[in-house]
Amino acid sequence: MVVKTVRGTSDILPSDVSTWQALELVSRNLLEAYDYREIRTPIFEQAGLFQKSVGECTDIVSKEMYIFSDKKGRELALRPEGTASIVRSFIEHNMHTQTLPVKLYYMGPFFRYERPQAGRTRQFHQIGAEAIGIEDVTLDAEIIDISMQIPSKMGIKNLKVMLNSIGCKECRSKYVKRLLGHLKNRIKKLCADCNRRYSTNPLRILDCKKSECIQNVKDGPTITENLCAKCRNKLETTEKHISSLGINYQIQPYLVRGLDYYTGVIFEIIHSQLGAQNVVAAGGRYDNLIEQMGGKPTPAVGFAAGIERMIMLLGDRSFQSNNSVYLAYLDFPMHEKVFELLSALRKNGIHTKTTYQEKTLKNQLKTAAKSNCRFSLILGTNELSKGTVILRDMKTSTQEEIKLDNAVAIIKKNIPLVSPEAKPSPFKVGIKADHFVDVNKMIKPGS
RNA sequence: GUGGGUGUAGCUCAGUUGGCAGAGCGCCAGAUUGUGGUUCUGGAAGUCGCGGGUUCGACUCCCGUCACUCACCCCA
């Protein structure tokens, strides 16, 4: 048997990578504009980090984490989510001494041992951001704004924001008592899962999909109506902020979150075309987590967006650019002059294709057309003897003979560059990439 | 972890009561020896997911297994 990818993982092939890169580029530019800086934390951490932060009772930690021991017997885990590592890093590097808030973003792979399904794989990828150190609802609104804008900028439409607050420690525990009181006599009517939740995580009963549970929850108290004055005010101010940005939202009183660390305002961005896994991005406030993890009391808010889910919503849309050149030649093996031109084009940052085996001109042009080349250069014996080259515009099917020495300069003038200098560098601050790749102008091959 | 559906060419899929493995797209070559997207002709390409069983004979029936997929669960 040949070796295949393990269950729940997949190769992202070159034909799909352009979409990933476009999404990553758009996200980076957006996050940097909002003054977030990228952080890269290890893929594996001490298992205890996630047990403490995400919560020992959550399925993520109790059933779905990839845990293993290294040769010294240390218990390690592949990271199942991003916030825990960032909080660890924030504390470990004394980031509370920096100007607050500390605003960080990340993108990369995460791992959960789940049954694969539409929009759910064992290795999956998220883009996320955290604003740590300031308890201002403006940041809550900013986080919601960003998590809406990333998919929106990629051209994903019909997104809905679901908003709620699960309150602070005080009002939530009061509410949970009221909820349990309401459900006490109805517990037999709830589904088996909710019977378990009644003792482990009662808030999760609120978002059960079973009709018998919805029935019994519906006439009970909601967390939204039972917030303390402070939490209520925060939710309302967040609403005001995102309304002013023109974001359509809906208060969803039964929206809760699965991870233990959330407090206060929480949200989900959903899309109906995703099937059961309809959450594109989600997040909220976690004002107690940093203290709980051994840091100073520090408020924070963040979000994570599922890359695969956004890619699913992008469907067949292609983000491949058509700014390449095909160098066709007729005498094999490749003449020294052809090789020099090829190298000169590439050194000038021009994406250049050619053939490395004997092919007819017809075949070479066919390849050029198929791979969506903007221009072809044709360099045969005739041209070589005259010191010229034929420049063929593949869009208009017109061509002209130009001086070989001018070829690079002429093409450079007519094609957007792809040289490393032209790309936005993650190491330089403030470079705008819009002149390099405008997603809206990217061309679908064949269109 | 539970339940349903599906695995046949690179891709999308046909394949009748068990009797020689098929199509479309794609790929390669040719139809003027130096010019692409159309058309025509030809060609290559398969352990019928894998392993067992029943049978003279299995892509087809039975059992197991793996994978994909949808839903539950969980969650981005």
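Within every chain, numbering begins at 1; the chains are lettered A, B, ... in the order of the sequence lines, protein sequences first and strands thereafter. All figures in this text were calculated on a predicted structure; none of them were measured in a lab.
The strand RNA chain B forms stems, runs of 3 or more Watson-Crick or G-U wobble pairs with distances below 3.5 Å, at B:1-7 with B:66-72, B:10-13 with B:22-25, B:27-31 with B:39-43, B:49-53 with B:61-65.
A:Gln117 has its CD atom 15 Å from the P atom of B:G3, to the nearest Å. One atom, OH of A:Tyr105, and another, C1' of B:A76, lie 19 Å apart when rounded to the nearest Å. Straight-line distance from the CD1 atom of A:Ile144 to the P atom of B:A76: 15 Å, rounded to whole Å. If you take CZ of A:Phe375 and P of B:G36, they are 19 Å apart, rounded to a whole angstrom. In this structure, A:Asn278 places its CG atom 15 Å from C1' of B:C72, rounding to the nearest Å.
Counting non-hydrogen atoms of other residues, nucleotides and ligands closer than 6.0 Å to CZ of A:Phe339 gives a total of 12 or fewer. Other residues, nucleotides and ligands contribute more than 12 heavy atoms inside 6.0 Å of the OH atom of A:Tyr254.
Contact annotation: side chain of A:Ser397 to base of B:G36, donor-acceptor pair present below 3.5 Å. In the interface, the side chain of A:Arg197 is not paired with the base of B:C73 through any donor and acceptor atom under 3.5 Å apart. Taking 3.5 Å as the limit, the base of B:C74 and the side chain of A:Arg120 contain a donor-acceptor pair of atoms between them.
Which of B:C75, B:A76, B:C27 sits closest to the side chain of A:Gln277 comes down to B:C75. Of the candidates B:C28, B:A71, B:A76, B:A76 carries the atom nearest the A:Glu114 side chain, counting heavy atoms from C-beta on.
Comparing B:C59 with B:U16, their P atoms are spaced 12 Å from each other, to the whole Å.
Remark: the backbone N or O of A:Arg28 is not paired with any side-chain donor or acceptor of A:Glu38 at under 3.5 angstrom. Remark: the backbone N or O of A:Ala84 is paired with a side-chain donor or acceptor of A:Glu81 at under 3.5 angstrom.
At the phosphate of B:G1, neither OP1 nor OP2 sits under 4.0 Å from any side-chain N or O atom of A:Arg112. Contact annotation: A:Arg115 side-chain N/O to B:U2 OP1/OP2 distance is not under 4.0 Å.
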* To do: Take A:Thr354 and A:Tyr329 through the side-chain hydrogen bond (donor to acceptor under 3.5 Å, both in side chains) test and state the conclusion after the steps.
  => CA-CA 8 Å; A:Thr354 191; A:Tyr329 58 103; 4.8 Å; no
* Stepwise side-chain hydrogen bond (donor to acceptor under 3.5 Å, both in side chains) check, A:Asp11 with A:Thr5 -> CA-CA 8 Å; A:Asp11 297 318; A:Thr5 50; 5.6 Å; no
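Side-chain contact between A:Leu255 and A:Leu163 is absent, with no heavy atoms from C-beta onward closer than 4.5 Å.
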List, with names and distances, any nitrogen or oxygen atoms from the protein found under 3.5 Å away from nitrogen or oxygen atoms belonging to nucleotides 29-35 of chain B.
from, atom 1, to, atom 2, distance (Å)
B:A29, OP1, A:Asn363, ND2, 3.4
B:A29, OP2, A:Asn363, ND2, 2.9
B:G34, O6, A:Asn382, N, 3.1
B:G34, O6, A:Asn382, OD1, 3.2
B:G34, O6, A:Asn382, ND2, 2.6
B:G34, N1, A:Glu383, OE1, 2.9
B:G34, N1, A:Glu383, OE2, 3.1
B:G34, N2, A:Glu383, OE2, 3.1
B:U35, O2, A:Arg392, NH1, 3.3
B:U35, O2, A:Gln399, OE1, 3.1
B:U35, N3, A:Gln399, OE1, 3.1
B:U35, N3, A:Gln399, NE2, 3.2
B:U35, O4, A:Gln399, NE2, 3.2

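A cation-pi arrangement is absent between A:Arg79 and A:Phe44 under the rule of less than 6.0 angstrom and at most 45 degrees off the ring axis.
Among A:Tyr105, A:Tyr286, A:Tyr36, the one residue that satisfies the side chain to side chain donor-acceptor pair (under 3.5 Å) test with A:Glu130 is A:Tyr286.
Annotation: of the two residues near RNA chain B, A:Lys366 and A:Met312, the 5′-most nearest-nucleotide partner is A:Lys366.
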